[in-house]
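The residues of the chain are indexed from 1 along the displayed sequence.
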Amino acid sequence: MPLLGGVAGRLGDGSSWRDIAAAVAVLTLATTGNAILPIPYAFAISGAVASTLMIVFVALSNVFTCKLLLQGAVATGAADYEQLAHNVGGRWLRLWSEVWVVVLLVGTNIGAIIQMGEAFGFAVETQWPDAPTWLYGRSGTAAMLFFTLVIIFPLSMLPKMRKLEMVGNFGVVILFALAIIVAVKAISNGMPALSSGDFASVSSGDLTSISETFSLLCFAFYHQVMMMPMLSEMPRVSSDAARESARALHRASTIVILGTSGMYYWVTGFFGASMYGATDVSDNLLGNTWLPGAGTFVLNLIVTIYLSISIPPIFQATNHTVDSWLRGLFPRNYGGLTRPWVQHLPPRFIVNLITILTCLGVALGVPGESATVLSVTGATGVAMCSYVLPVVFHFCLYFGWARCMRKTASSAQLSANGGLAGVEAGAAPTVEVSGMGLAPPTEGSTESSEAYKDFSNHGAPASPSKQVDGSPKHEPAPDAPAGLMFRYRKPRRYPFFTLAYDIVLPCLVTALGCFFSVATLVLLFQPVAEE
């Protein structure tokens with residue numbers, strides 16, 4: 001999934017702090033934009049201490065699962081989320097992972113479009129009460145249509161997002177200013193909701209609210225699907241360089257999760273809830289008044305424009321998977337489609353029509369429900385991509401169940417028995433790694449070679465992993481198990497630490513993530529009892 005290639009492409013050798021700082025800026029922009037808006041609502045409905053503990057747990061859990069994914073990618077030679085799934089479980093696990101990645105990204109896009117309408121509609125209604133109803137009615141339907149068709153769709157047609165780098169970096173400043181405005185507003189007014197008890201100092205004691213808060217916080221930290229594509233855009237000229245890039249990316253993701261994003265979320269969440277409480281807080285931060293006079297309109301307009309510019313990179317990530325599906329169904333640039341007018345349209349335009357108009361249609365059908373959309377997204381797509389699949393990959397690699405390990409071991413056994421022509425008995429198995437760490441299409445795959453070329457190289461040079469003489473530089477480490485580039489299961493001095501860190505902790509992260517996700521879905525959609 002190519003994402004923000006222009007910024008990530010500047011990440012030097014992956015080892016300097018300047019490179020890590022660039023990755024921090026990219027991850028903050030990609031994950032914090034629209035995710036920050038429902039955070040005050042999440043805090044207000046659950047209480048100060050409970051929300052703080054949950055945000056700490058969710059943040060630490062995401063640091064852990066990000067490390068598992070990067071460790072698995074380095075061990076298998078994978079360059080993105082989908083290829084790691086393919087190396088671990090084959091094409092069916094890859095398809096399963098792709099479906100949930102698309103669910104996560106589509107839910108994010110739908111929620112962001114709704115948030116744009118809410119923010120713009122609230123600003124117009126409060127600043128100009130006599131404005132035509134169509135301008136702000138139905139939670140800003142007109143704004144959703146305008147910004148999606150006039151800004152998001154054209155920007156999503158760009159092959160790369162490089163021209164948006166300066167705007168994206170400026171967006172980080174906007175988020176910082178927004179957090180400061182919220183804190184100053186609450187402190188200057190004496191944090192009335194916290195004083196009155198409308199914002200519980202400890203916990204609201206309501207399981208429905210706590211589960212919804214957990215899902216919203218899970219959505220706020222969906223770093224995995226944004227982090228993994230950056231790995232393919234960092235230096236991978238050798239297996240050692242790929243490992244160093246993964247280490248730098250893990251440092252960057254940890255700084256973002258525990259530092260920049262975590263700080264933004266806690267400040268806006270705590271002080272926003274302290275100001276308006278569970279009674280008056282909006283499920284969209286921009287649905288409350290933070291500046292006097294025309295200040296609210298200006299603030300909401302700036303953030304709305306920022307949201308409209310930050311959404312295209314997420315659509316680009318969504319389009320990558322959808323495009324690969326369409327190429328599998330209709331090879332030769334959708335030449336399998338029989339309509340002549342379809343064959344003359346650019347493939348990127350067709351994919352954008354499918355993804356953007358679908359998200360826009362759903363957003364128009366549920367205006368003003370951004371918190372519900374993001375809660376469902378957090379309880380489904382985020383839970384699967386951030387809490388379940390990383391642990392599944394971890395255990396498959398840890399216990400030797402991964403497809404790449406079993407396939408290589410089987411091939412080595414057949415070679416030893418003389419069952420493979422052209423392979424000497426007892427020859428050491430090698431790991432096939434293409435230009436971007438991707439294995440060739442498996443036999444029987446429906447993907448065309450052209451589609452695979454586009455997918456595996458992400459538009460990069462055909463074979464960046466080869467030396468000048470053409471020999472591959474990706475070689476397994478001497479102590480690497482069969483089928484892996486590096487050892488995944490690290491030897492530890494104390495057996496108890498091995499049990500706690502490698503077995504119990506992953507199970508605990510998955511169990512808690514699944515519990516709150518299921519609780520959110522059950523309690524969020526349970527019938528309302530009639531009084």
Side-chain angles (χ1 to χ4, degrees), residues 1 3 27-28 30-39 41-42 46 51 54-69 80-82 84-85 96-112 114-115 210-229 253 256-257 261-262 265 269 283 311 313-315 317-318 321 359 362 369-394 506 508-525:
M1 290 187 302
L3 178 69
L27 287 173
T28 302
T31 59
T32 311
N34 66 315
I36 199 173
L37 300 183
I39 297 300
Y41 168 79
S46 291
S51 298
M54 279 191 284
I55 201 172
V56 170
F57 169 78
V58 171
L60 292 177
S61 297
N62 277 270
V63 170
F64 179 67
T65 54
C66 283
K67 181 178 181 180
L68 294 183
L69 288 173
D80 59 19
Y81 202 111
E82 296 91 335
L84 176 58
W96 178 260
S97 302
E98 287 176 337
V99 168
W100 286 109
V101 168
V102 170
V103 168
L104 190 163
L105 295 174
V106 167
T108 301
N109 290 325
I110 294 172
I114 297 174
Q115 287 175 332
I210 292 176
S211 299
E212 186 175 2
T213 296
F214 184 85
S215 293
L216 288 171
L217 293 176
C218 286
F219 169 78
F221 287 102
Y222 69 105
H223 282 67
Q224 290 80 354
V225 298
M226 297 298 178
M227 173 194 71
M228 290 298 287
S253 65
V256 172
I257 294 172
S261 293
Y265 294 152
D283 57 10
I311 293 175
I314 306 177
F315 268 115
T318 310
T321 301
C359 292
V362 175
E369 297 293 335
S370 61
T372 301
V373 171
L374 299 184
S375 294
V376 174
T377 302
T380 54
V382 177
M384 183 63 66
C385 295
S386 300
Y387 294 92
V388 177
L389 288 175
V391 175
V392 171
F393 300 160
H394 164 70
L508 178 64
V509 168
T510 301
L512 288 176
C514 290
F515 170 77
F516 281 108
S517 297
V518 172
T520 298
L521 294 175
V522 172
L523 297 174
L524 194 61
F525 296 104

For this session: Would you check if the side chain of Tyr265 reaches a backbone N or O of Ala220 as a donor-acceptor pair within less than 3.5 Å?
Result: yes
Exercise. How long is the span from the SG atom in Cys66 to the CE atom in Met227, to the nearest 0.5 Å?
Worked result: 4.0 Å
Problem set entry | Residue pair Ile210 / Met54, side-chain heavy-atom distance below 4.5 Å | yes
Problem set entry | Reported OG-to-CG distance for the pair Ser211 and Leu521, which is rounded to 0.5 angstrom | 9.5 Å
Seminar exercise, completed: In terms of heavy-atom contacts, Cys385 and Leu104 come closest through CB-CD1, 4.0 Å
Exercise. Looking only at heavy atoms, which two atoms of Thr65 and Asn62 are closest? And how far apart?
Worked result: OG1-O, 3.3 Å
Seminar exercise, completed: In short, Asn109 meets Cys359 closest at the heavy-atom pair CB-SG, 4.0 Å
Exercise. Are a donor atom and an acceptor atom from the side chains of Ser386 and Gln224 found within less than 3.5 Å of each other?
Worked result: yes
Problem set entry | Considering all heavy atoms, the nearest Gly381-Trp100 contact | CA-CE3, 3.9 Å
For this session: Walk me through it: do Ile110 and Leu374 pass the test side-chain contact (heavy atoms from CB on, under 4.5 Å)?
Result: CA-CA 9 Å; Ile110 294 172; Leu374 299 184; over 6 Å; no
Problem set entry | Spacing of Glu212 atom CD and Leu217 atom CG [to the nearest 0.5 Å] | 10.5 Å
Problem set entry | Mutual orientation of the aromatic rings belonging to Phe214 and Tyr387 [parallel < 30°, tilted 30-60°, perpendicular > 60°] | tilted
Seminar exercise, completed: CG (Leu512) and OG (Ser517) are apart, to the nearest 0.5 Å, by 10.5 Å
For this session: Would you check if Val382 and Phe221 make a side-chain contact, meaning some heavy-atom pair closer than 4.5 Å?
Result: no
Exercise. Atom OG of Ser51 and atom CG of Leu216: how far apart are they, to the nearest 0.5 Å?
Worked result: 10.0 Å
Exercise. Distance-only, no hydrogens or angles: does the Ser261 side chain make a donor-acceptor pair with backbone N or O of Ile257 under 3.5 Å?
Worked result: no
Exercise. Which atom names give the shortest non-hydrogen contact between Ala42 and Thr213, and what distance separates them?
Worked result: O-OG1, 2.7 Å
Problem set entry | Within-4.5 Å side-chain heavy-atom neighbours: Pro38 and Gln115 | yes
Problem set entry | Any side-chain heavy-atom pair of Tyr81 and Leu389 under 4.5 Å | yes
Problem set entry | Nearest-0.5 Å distance, CE of residue Met384 to CH2 of residue Trp96 | 5.0 Å
Exercise. For Ile39 and Gly269, which heavy atoms make the closest approach, and how far apart are they?
Worked result: CG2-CA, 3.6 Å
